[in-house]
Each structure stands twice: as structure tokens, then as C-alpha cells.
Amino acid sequence: RQQNKINLNAVRIIENFWTNILEKREELKLEEQIKSMPKDCRELYRKFINLRKQTKCLKVNVSNLNK
């Protein structure tokens, strides 16, 4: 039982690390795509992307609460 907890914690740490790597890759890709946009548009687009991510996380959290 305790070994399962240790394994689950290890898996969570690895998942968080990998998620951070993927997010950084996405940010670099996004910056490459929007570098030709005007500055104001880039800022608005970044805010839009962040809002979309927050909305997705909120949906996941609400669905987990309902379980």
C-alpha cells in the first residue's frame, strides 16, 4: 500500500515535469507564430490563449468535483 503511494507520487512528479516541458515548447512555438503580428495583437492573443487554458482547467476541476 505504501509502495503504491510512493509510485503514484513519482508518477505525479514525472507528469508535472513533462507537462512543464510541453508548455514551454508550446510557448516557444506560439512566440514563433505571432512574432510578425503587431505588439498589441500579440498581447491580446496571448491573453486569449491563457483564458482558453484557464477555461479548460476549470472544466476539468468542475467535472472532478462532480464525481
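Clustering of Ile, Leu, Val, Met, Phe, Trp and Tyr side chains at separations under 4.5 Å places Leu22 together with Phe17, Trp18, Ile21.
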Kindly list each side-chain donor-acceptor pair under 3.5 angstrom involving residues 47-56, sequence neighbours excluded, with atom names and distances?
from	atom 1	to	atom 2	distance (Å)
Asn50	ND2	Arg46	O	3.4
Thr55	OG1	Leu51	O	2.8

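In plain terms, the two heavy atoms of Ser36 and Gln33 that are nearest each other are OG-O, 4.2 Å.
Once rounded to the nearest 0.5 Å, the distance linking CD of Gln3 with CG of Leu8 reads 10.5 Å.
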